[in-house]
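Just so it is clear, the model here is predicted, and its values are computed rather than measured. Sequential numbering from 1 along the given sequence is applied to the chain's residues. Start at 1 and go down the list; that is how both ligands and their atoms are numbered.
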Amino acid sequence: MDYMYAPGKNHLFVPGPVHIPDQVIRAMNRNNEDYRSPAVPALTKTLLEDIKKIFKTTSGTPFLIPTTGTGAWESALTNTLSPGDRIISFLIGQFSLLWIDQQQRLNFNVDVVESDWGEGAKLDVLASKLAADTAHTIKAICIVHNETATGVTNNLSKVRKLLDDYRHPALFLVDGVSSICAIDFRMDEWGIDVALTGSQKALSLPTGMGIVCASPKALEASKTAKSVRVFFDWKDYIKFYNLGTFWPYTPSIQLLYGLRAALDLIFEEGLENVIERHRRLGKATRLAVEAWGLKNCTQKEEWFSDTVTAVIVPSHINSSEIVRRAWQRYNLSLGLGLNKVAGKVFRIGHLGHLNELQLLGCLAGVEMILKDVGYPVKLGSGVAAASAYLQNNIPMIPSRI
Ligand SMILES: Cc1ncc(COP(=O)(O)O)c(C=O)c1O
């Protein structure tokens, strides 16, 4: 039964959880199975191999953990670091803030590099800290690739370059929760030591699987890292990997089959095409925002996010009212402004299982809501700007040519 039923499909435009493809829902509609039978390890083997393609790694070791993004953070930190270790962490919005809070509660010595919300990580500050750290006291750099609260994407290749320029051995830990499988992400090429995501974001699965990938250097660090860990200990997984049975504890059978179907869809579209599609969705959204005469929370083009756009509303309008009305009147779910930007921005999530015409529906909805709350928008202006761009840029669907 539906609570608060509304006809038609909900326009789910929060930046995760996102709509699940019908193919994935069907694949998950199945009974439980004995995970110790030969079938589940055989399936798992394919998942572990294929998830590496999404992270663009050949040397990384993936872990499919029954958890959310927050648990994946904890897995990355506790397996590689010891209490008291100095780490650099960039605070640029609500999710980087929450990760820093976790790092502090785990008793690391967190050197916080803060930016105004809407700006990216201050890499010039990183450069000076690396230059000064000739004794190599910095054990890790922690960075959120795409800050979902503000729609800011950090440049990871620049972080790698700085580490290389200063020949600094710090581990490079990356939250890719709202980027991996939507925004260009190259674990091996960028020398990332631990990368992580959650199933409910661009992979378009239900919540409940944290996906963590560790480089050989991170695995080596895990042998001496002293943080207390039990449920998240990579050692337990590796033991079962070596036995060929894969699971130290009970996996969700349904999520495993769901992940298989999700990966199949991504490979059928082509990972690069998936990333291109997100580029189009991001660009079209930003063009609409511009046409409405509103400002993007993201302060510079170099940080524009292709998975989420945070839109600043005029000061006399409360953005939470926009989100409430979207849902109440138009069956459209938009993201709230969080913490420092609560009431000031609303967010359009454009990631995962989504196409351009769906986005245009969302943009049309936003225009009506803006008018509802007294903002003088010309109906159709954002849709026109977005569709003019899309009409010139949407490629033919490869399987239908
Ligand atoms: C960038 C980022 N990191 C971490 C998280 C936390 O993930 P979860 O809510 O799955 O624990 C989120 C959630 O939206 C996120 O956007």
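Counting the atoms of ligand 1 from 1 in the order shown, those under 4.0 Å from a heavy atom of Lys201 are 13 (C), 14 (O), 16 (O). Each of the following atoms of ligand 1 lies closer than 4.0 Å to a heavy atom of Thr148: 1 (C), 2 (C), 15 (C), 16 (O). Listed by number with element, the atoms of ligand 1 under 4.0 angstrom from any heavy atom of Asn146 are 1 (C).
By the 3.5 Å distance cut-off applied to N or O atoms, Asp175 is counted among the residues near ligand 1. Looking at Gly69 next to ligand 1, an N or O pair under 3.5 Å apart turns up.
For Ser227 (side chain) and Leu106 (main-chain N/O), no donor-acceptor pair under 3.5 Å exists by modelled atom type.
Geometric assessment of Lys56 against the ring of Phe185 yields a negative cation-pi assignment under the 6.0 Å and 45° thresholds. Remark: Arg160 fails to qualify as a cation-pi partner of Phe172 under the 6.0 Å distance and 45° angle criteria applied to the six-membered ring.
For the atom pair CD1 of Ile65 and OG of Ser199, the computed distance is 11.5 Å after rounding to the nearest 0.5 Å. With values rounded to the nearest 0.5 angstrom, Ile369 atom CD1 is found 5.5 Å from Leu334 atom CG. One finds the CG atom of Asp233 at 7.5 Å from the OG atom of Ser222 (value rounded to the nearest 0.5 Å).
Under 4.0 Å is where a charged nitrogen must lie from a carboxylate oxygen, and between Glu356 and Lys283 no such pair does.
In this structure, Glu147 falls outside the shell of residues with a heavy atom less than 4.0 angstrom from ligand 1.
The protein atom (non-hydrogen) at minimum distance from atom 13 (C) of ligand 1 is Phe95 CE2, 3.3 Å.
Comparing Thr70, Thr68, Val14 against atom 6 (C) of ligand 1, the shortest heavy-atom distance belongs to Thr70.
Contacts between Trp73 and ligand 1 below 4.0 angstrom, taking non-hydrogen atoms only, involve the side chain exclusively.
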